[in-house]
Protein chains: 2
Amino acid sequence: MTFTRTTEYALRALGYMASREGEMLSADQLHAKLKIPKKYLQRLLTDLKRSGLLKSVRGRNGGFILSRRTGDITLAEIVHAVEGTRTRPECFFGFAKCALDVPCAMHDVWIRSQSTVQEALQTTRLADIAGTTFR
Amino acid sequence: MTFTRTTEYALRALGYMASREGEMLSADQLHAKLKIPKKYLQRLLTDLKRSGLLKSVRGRNGGFILSRRTGDITLAEIVHAVEGTRTRPECFFGFAKCALDVPCAMHDVWIRSQSTVQEALQTTRLADIAGTTFR
DNA sequence: GTAATATGCTACCCCAATATAGTATATATT
DNA sequence: AATATATACTATATTGGGGTAGCATATTAC
Ligand code: SF4
Ligand code: SF4
C-alpha cells in the first residue's frame with residue numbers, strides 16, 4: 001500500500017495547516033514552507049477546496065483555510081478526497097480475483113499489513129499530526 | 001508498500017512455474033495461463049533469465065525453467081531482481097528526511113506494516129506459494 | 001483607478017511504467 | 001532442406017502521474 005506523491009503533498013499541506021489552525025495561508029506560503037512545486041500545489045489546493053476540505057478566499061490577503069476543525073478530519077478522508085476512485089491492491093500478487101480454497105502464504109501478512117494502515121488512517125485525525133509533524 | 005505491476009507479473013509467473021518445478025514452460029504457455037500480455041511477459045522472462053533466476057532454451061520445445069530449487073528462492077530475491085534500485089518509501093508523508101524529536105502519529109504503524117511485509121518476503125520462498133496459489 | 005497579490009482555469013510538457021510490433025536467431029521435427 | 005516453434009533483440013506506441021506556463025478573475029491597498 002503506497003500513496004501517490006500527490007496524496008503525500010495533500011497530507012503534508014493539510015498537516016501543516018492543521019498546526020496553524022484558524023490562519024489563512026496562501027499557496028505561496030505553503031510552497032515556501034513545504035517545498036511542494038508551486039503551481040502543482042496551487043492546483044491541488046483548489047482541488048481540496050472543491051472537495052470541501054478547504055475554503056478559499058481570492059484576491060489580496062486571500063488563501064486557504066481548513067473548512068472543519070482539525071480534530072474532525074481523518075487522514076482517510078483526505079486520502080480518499082485526493083485519490084478518488086484509485087483502487088487499492090487486494091491480492092498481493094495482483095490477481096483480480098482469487099479463487100483459492102486456502103489462502104496462499106502471503107495473504108495474511110498482506111491483508112493484515114494493509115488493514116493496519118487503513119485503520120490508522122481512519123482513526124488518525126489532522127489534529128493528531130498537527131503538533132508533531134511540521135514546525 | 002506496493003509493487004509495480006511488473007513485479008506482480010514476475011511473482012505470478014515464477015509462482016506458477018514453481019508449481020510445475022522441473023518442467024520447461026514457454027512464454028506462450030505462461031501467457032495463456034496467467035493472462036499476462038504476451039510480449040511484455042516474454043521480455044520479463046528474458047530479464048529474469050539474465051538476472052539468473054531462470055534458464056532458457058531457444059528453439060522448438062524451448063522455454064524457461066527455474067535455475068534453482070523452489071525452496072531456495074525467496075520472494076524478496078525476486079522483487080529485488082525485478083525492481084532493482086527502486087526505492088521504498090520511508091516516511092509516510094514522503095518527507096525526504098524527517099527531523100522530528102518525537103515520531104508523528106503515523107510513523108509506527110507505517111514502519112511496522114512495511115517491515116512486516118518485508119520480513120515475509122524474506123522468509124517466504126517460491127515453494128511456499130507454489131502449491132496453494134495457482135492451479 | 002491602478003497596482004499588487006491572491007485564486008481559478010486551461011493547455012500544455014515530461015517521464016517512467018506498461019504494452020505492442022517486427023525482425024533476427026536458434027533448434028526440433030519432418 | 002524446409003517448416004514450425006521457440007527465445008532474443010530493438011524500436012515504437014500508450015498511458016497516467018507529475019510538473020510548468022500563461023492568462024483570467026477577484027480583492028485589497030494605495
Ligand atoms: S490468497 Fe494469495 S493469491 Fe489469493 S488473493 Fe490472497 S494473496 Fe492473492
Ligand atoms: S515521524 Fe512522521 S514525518 Fe517523520 S519520518 Fe516518521 S512518518 Fe515521516
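Throughout, a chain's letter reflects where its sequence line sits, starting with A, and its residues are numbered from 1.
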K.L.:
Nearest to the side chain of Y40(B), heavy atoms from C-beta on, is which of dA8(D), dG19(D), dA19(C)?
P.N.:
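Between dA8(D), dG19(D), dA19(C), the one nearest the side chain of Y40(B) would be dA19(C).
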K.L.:
Closest approach of G62(A) and S26(A), non-hydrogen atoms and distance?
P.N.:
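Residues G62(A) and S26(A), closest heavy atoms: O-CB, 4.2 Å.
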K.L.:
Rounded off to whole Å, could you give me the NE2-to-C1' distance for the H31(B) and dT5(D) pair?
P.N.:
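After rounding, the gap between these two atoms is 16 Å.
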K.L.:
Just call it for K38(B): base, sugar-phosphate, or nothing, with non-hydrogen atoms closer than 4.0 Å on any strand.
P.N.:
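Result for K38(B) = nothing.
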K.L.:
Rounded to the nearest Å, what distance is computed from the CG atom of residue D47(A) to the C1' atom of nucleotide dG18(D)?
P.N.:
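Those two atoms, CG and C1', are 13 Å apart.
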K.L.:
Just compare dA19(C), dC9(D), dG18(D) and give me whichever is closest to any side-chain atom of R50(B).
P.N.:
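Closest of the options to the side chain of R50(B): dC9(D).
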K.L.:
Under the 3.5 Å rule, do the base of dT25(D) and the side chain of R58(A) count as making a donor-acceptor pair?
P.N.:
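Side chain to base: pair found, below 3.5 Å.
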K.L.:
With distance as the sole criterion, is a donor-acceptor pair present between the side chains of Y40(B) and T6(B) under 3.5 Å?
P.N.:
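Yes - a donor-acceptor pair under 3.5 Å links their side chains.
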K.L.:
Tell me the interatomic distance from M24(B), atom CE, to dA26(C), atom C1', rounded to whole angstroms.
P.N.:
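Answer to the nearest Å: 13 Å.
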K.L.:
For Y9(B) and dT18(C), give me the distance from atom OH to atom C1', rounded to whole Å.
P.N.:
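To the nearest whole Å, that distance equals 8 Å.
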K.L.:
Check whether any side-chain nitrogen or oxygen of S56(B) sits under 4.0 Å from OP1 or OP2 of dT7(D), and answer yes or no.
P.N.:
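So the side chain of S56(B) is outside the cut-off, no N or O lying under 4.0 Å from OP1 or OP2 of dT7(D).
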K.L.:
OP1 or OP2 of dT18(C) less than 4.0 angstrom from a side-chain nitrogen or oxygen of T6(B), does that happen here?
P.N.:
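Yes, such a contact exists.
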K.L.:
Quick check: on DNA chain D, is the nucleotide nearest D28(B) upstream (toward 5') of the one nearest G59(A), or the reverse? Name the residue that is more 5'.
P.N.:
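Between the two, 5'-proximity favours D28(B).
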K.L.:
Look at the side chain of K39(A) and decide which nucleotide, out of dA8(D), dC9(C), dG18(D), has an atom nearest to it.
P.N.:
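Closest nucleotide among those given: dC9(C).
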K.L.:
Does K49(A) contact dG8(C) through a side-chain donor or acceptor facing the base, at a distance under 3.5 Å?
P.N.:
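Checked by distance alone, the answer is no.
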K.L.:
In whole Å, what is the span from the CD1 atom of I36(B) to the P atom of dT20(C)?
P.N.:
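In whole Å, dT20(C) P and I36(B) CD1 are 12 Å from each other.
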K.L.:
Start at the 5' end of DNA chain D and walk down; is the nucleotide closest to V57(A) or to L25(B) reached first?
P.N.:
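It is L25(B), whose closest nucleotide lies nearer the 5' terminus.
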K.L.:
Picking from dG8(C), dT5(C), dA11(C), which would you name as closest to the side chain of R43(A)?
P.N.:
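Side chain of R43(A) sits closest to dA11(C).
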K.L.:
For the side chain of R60(A), counting heavy atoms from C-beta on, which of dA29(D), dT7(D), dG18(D) is nearest?
P.N.:
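From the listed options, dA29(D) comes nearest.
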K.L.:
Separation of L48(B) atom CG from dT7(D) atom C1', in whole Å?
P.N.:
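These atoms are roughly 14 Å apart.
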K.L.:
Taking CD from Q42(B) and C1' from dT18(C), how many angstroms apart are they, rounded to a whole number?
P.N.:
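In whole Å, dT18(C) C1' lies 16 Å from Q42(B) CD.
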K.L.:
Quick one: which of dG8(C), dT18(C), dA28(C) gets closest to the side chain of N61(B)?
P.N.:
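For N61(B), the side-chain atoms sit closest to dA28(C).
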K.L.:
Does T46(A) have a side-chain nitrogen or oxygen under 4.0 Å from the phosphate oxygens OP1 or OP2 of dG8(C)?
P.N.:
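Yes, T46(A) has a side-chain N/O under 4.0 Å of OP1/OP2 on dG8(C).
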K.L.:
Starting from P on dT7(C), measure out to CG on L44(A) and report it in whole angstrom.
P.N.:
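L44(A) atom CG is separated from dT7(C) atom P by 13 Å.
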K.L.:
Looking at R50(A), K49(A), R43(A), which hits salt bridge (Lys or Arg N to Asp or Glu O under 4.0 Å) with D47(A)?
P.N.:
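Among R50(A), K49(A), R43(A), the one that satisfies the salt bridge (Lys or Arg N to Asp or Glu O under 4.0 Å) with D47(A) is R50(A).
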K.L.:
Might you point out which heavy atoms bring T74(B) and L121(B) nearest each other, and give the distance in Å?
P.N.:
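Nearest pair, atom of T74(B) first, then L121(B): CB-O, 3.8 Å.
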K.L.:
If you check the F64(A) side chain, which of dA11(C), dA17(C), dG8(C) turns out closest?
P.N.:
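Of the options given, the side chain of F64(A) lies nearest dG8(C).
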K.L.:
Which pair of non-hydrogen atoms, one from R125(A) and one from T70(A), has the smallest distance, and what is that distance?
P.N.:
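So the minimum-distance heavy-atom pair works out to CB-O, 3.8 Å.
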K.L.:
Looking only at side chains, do Y16(A) and R12(A) share a donor and an acceptor under 3.5 Å apart?
P.N.:
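On atom types as modelled, these side chains do not qualify, holding no pair under 3.5 Å.
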K.L.:
Heavy atoms from C-beta onward define the side chain here; which of dT7(D), dG8(C), dT18(C) lies closest to that of A27(B)?
P.N.:
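My answer, after comparing the listed nucleotides, is dT7(D).
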